[in-house]
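Heavy atoms only: backbone and side chains are in, while hydrogens, waters and symmetry mates are out.
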Amino acid sequence: MKKLMLAAAMVCSFSTFANTEVDTASESTLMAPLSVDPIKESFAKLGVSVKSVESSPIEGLKTVLTDKGVLYASADGKYLMQGNLIDLENRVNVTDQALSGVRKEGVAQYQDSMIVYKAENEKHQITVFTDITCGYCRKLHRELEDYLSAGITVKYLAYPRGGIGSGGYSDLMNVWCAKDAAQALTDAKAGQKVAKVENCSAPVAEHYQLGQSFGLSGTPAIILDDGTLIPGYQPADSLAKMLEDKSNKS
């Protein structure tokens, strides 16, 4: 009985407030329930933050851009689908296409915190998510002069494969905080011990979360200027040809 009385009192209080503050609203507006996005609500329960919900080529299926990459969901939020959506007729990866714009905008926000190796006769730029402990990341860096000679400027963002709080994360923090970060990264990838930097506040966690939102599954991960993702190591000559072909088509 007490619970019923309390509930009734709360309803009366809300009605009084509504009539006082919104005296021009219609009765139907006041009685309408608050709208809740079922997709955002369902994803929030999974710990996934939804950035936007858009249509997809498949009727009834929504494209959901999240902090974990592109996912798909039914309009009522009851069903979730993960994976690549392929347009077989046009041979297009629709999922990757949806992320290209997100990657391009995201990378642009972190230009000031990248470690950059600039080509003298620059023709192209690539952004590489890298980790010190990754074998192919080290291989790419050992061949850095090949990329620079091909006119490809290499810009690095940190992506500790072990996650935030791992040993790799700490090393990347110290590299990014080093007085000469470019040299520190080269030394670390050559196997030298990373010197600890006191009061380090590098945005490595932000770089990692950015990579997560791009749907990265490993390193190195190369992002081109148009937002295209190239997963894994690419030799300088192959990458240069790919970039030239893209330039000629645009």
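- Between the CD1 atom in I126 and the CD1 atom in I222 there is a gap of 5.0 Å [rounded to 0.5 Å].
- Residue S166 comes nearest to G163 through the heavy atom pair OG-O, 2.8 Å, listed as atom of the first residue, atom of the second, then distance.
- Between D225 and K104, no side-chain nitrogen of the basic residue sits less than 4.0 Å from a carboxylate oxygen of the acidic one, so the salt-bridge criterion is not met.
- In this structure, F43 is not a member of the same hydrophobic cluster as M81, with clusters built from ILVMFWY side-chain heavy atoms closer than 4.5 Å.
- Going from atom NZ of K40 over to atom OG of S42 covers 12.5 Å, rounded to the nearest 0.5 Å.
- Using a 4.5 Å heavy-atom threshold, the side chains of Y147 and L140 count as touching.
- For R161 (side chain) and T133 (main-chain N/O), a donor-acceptor pair under 3.5 Å exists by modelled atom type.
- Between E143 and K139 a salt bridge is recorded (basic side-chain N to carboxylate O distance below 4.0 Å).
- Looking at heavy atoms from C-beta onward, I230 lies in side-chain contact with M242 at the 4.5 angstrom threshold.
- Under a cut-off of 6.0 angstrom, the local environment of CD in E54 is crowded, with over 12 non-hydrogen atoms contributed by other residues, nucleotides or ligands.
- For the pair I132/C137, no side-chain contact is recorded, criterion being any heavy-atom separation below 4.5 Å from C-beta on.
- Side-chain atoms of Q183 and D187 include a donor-acceptor pair closer than 3.5 Å.
- Under a 4.0 Å N-O distance rule, the pair D96/R103 qualifies as a salt bridge.
- A donor atom on one side chain and an acceptor atom on the other are not found under 3.5 Å apart for D245 and N248.
- Using a 4.5 Å cut-off between side-chain heavy atoms of Ile, Leu, Val, Met, Phe, Trp and Tyr, with links allowed through other members, I223 and V116 fall into the same hydrophobic cluster.
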Note to self: Run the side chain to side chain donor-acceptor pair (under 3.5 Å) test on K189 and T130 for me, step by step, so that the C-alpha distance in whole Å, both residues' side-chain angles and the decisive distance to 0.1 Å come before the verdict.
What the structure shows: CA-CA 10 Å; K189 289 194 174 188; T130 193; 2.5 Å; yes
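- Within the 4.5 Å cutoff, no side-chain heavy atoms of I115 are placed close to those of K155.
- Side-chain atoms of S247 and H124, non-hydrogen and from C-beta on, do get closer than 4.5 Å to each other.
- Panel note: side chain S56, backbone I58; a donor-acceptor pair is recorded below 3.5 Å.
- Rounding to the nearest 0.5 angstrom, the gap separating the CG atom in L185 from the CG atom in D180 is 10.5 Å.
- What you find for I152 and A236 is that their closest heavy atoms are CD1-O, 4.2 Å.
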Check: Checking side chain to side chain donor-acceptor pair (under 3.5 Å) for the pair N174/D171: CA distance, chi angles, key distance, verdict?
Finding: CA-CA 5 Å; N174 287 313; D171 283 342; 4.9 Å; no
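- Residues D131 and P160 approach most closely at OD1-CA, 3.9 Å, considering heavy atoms.
- When the shell of 6.0 Å around CD of E59 is examined, it contains 12 or fewer heavy atoms from other residues, nucleotides or ligands.
- Ion pair K241/D237 not flagged as a salt bridge, since none of the NZ, NE, NH1 or NH2 atoms sits closer than 4.0 Å to an Asp/Glu carboxylate oxygen.
- Note on L80: it does not cluster hydrophobically with L61, by side-chain heavy-atom contacts below 4.5 Å among ILVMFWY residues.
- Counting heavy atoms from C-beta outward, V70 and L65 have side chains that approach closer than 4.5 Å.
- The distance from the CG atom of L157 to the OG atom of S113 is 6.0 Å, given to the nearest 0.5 Å.
- The hydrophobic clustering, which links ILVMFWY residues whose side-chain heavy atoms are closer than 4.5 Å, places L71 and Y79 apart.
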Next item on the list: Could you walk me through whether L229 and F214 pass the side chain to side chain contact (heavy atoms under 4.5 Å, CB included) test, one step at a time?
Entry: CA-CA 9 Å; L229 168 65; F214 291 173; 6.0 Å; no
Next item on the list: Mind running salt bridge (charged side-chain N to carboxylate O under 4.0 Å, His left out) on E41 and K45 for me, showing each step along the way?
Entry: CA-CA 7 Å; E41 188 177 33; K45 292 176 182 177; 5.1 Å; no
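- To the nearest 0.5 Å, the span separating CG on L216 from OG on S213 amounts to 8.0 Å.
- Taking every heavy atom of both residues into account, T95 and G83 meet most closely at OG1-O, 3.5 Å.
- Tracing side-chain contacts under 4.5 Å through hydrophobic residues (I, L, V, M, F, W, Y), one reaches V128 starting from V175; they form part of the same cluster.
- Taking the six-membered ring where tryptophan is involved, the planes of H141 and Y156 are tilted, since the angle between them lies from 30° to 60°.
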Next item on the list: Walk me through it: do D67 and K51 pass the test salt bridge (charged side-chain N to carboxylate O under 4.0 Å, His left out)?
Entry: CA-CA 7 Å; D67 60 343; K51 296 181 178 180; over 6 Å; no
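- Within the 3.5 Å criterion, the main-chain N or O of Q234 finds no donor-acceptor partner in the side chain of S238.
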Next item on the list: Before giving the answer on side chain to side chain contact (heavy atoms under 4.5 Å, CB included), spell out for V64 and I39 the whole-Å C-alpha distance, their side-chain angles and the decisive distance to 0.1 Å.
Entry: CA-CA 8 Å; V64 188; I39 293 177; 3.9 Å; yes
Next item on the list: Start with the C-alpha distance between F129 and L210, add both sets of side-chain angles, then the distance that settles side chain to side chain contact (heavy atoms under 4.5 Å, CB included), and finish with yes or no.
Entry: CA-CA 10 Å; F129 282 87; L210 181 69; 4.1 Å; yes
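- For Y110 and H207, the gap between ring centers is short of 6.0 Å.
- There is no side-chain donor-acceptor pair under 3.5 Å between Y72 and Q82.
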Item checked: K196/S170 under side chain to side chain contact (heavy atoms under 4.5 Å, CB included): CA gap, chis, key distance, verdict -> CA-CA 9 Å; K196 182 175 176 58; S170 298; over 6 Å; no
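- A donor-acceptor pair shorter than 3.5 Å cannot be found between the side chains of T153 and Q125.
- Within the 4.5 Å cutoff, side-chain heavy atoms of P220 are placed close to those of C134.
- One finds the OH atom of Y169 at 6.0 Å from the CD1 atom of I164 (value rounded to the nearest 0.5 Å).
- The side-chain heavy atoms of L172 and Y208, taken from C-beta on, include no pair separated by under 4.5 Å.
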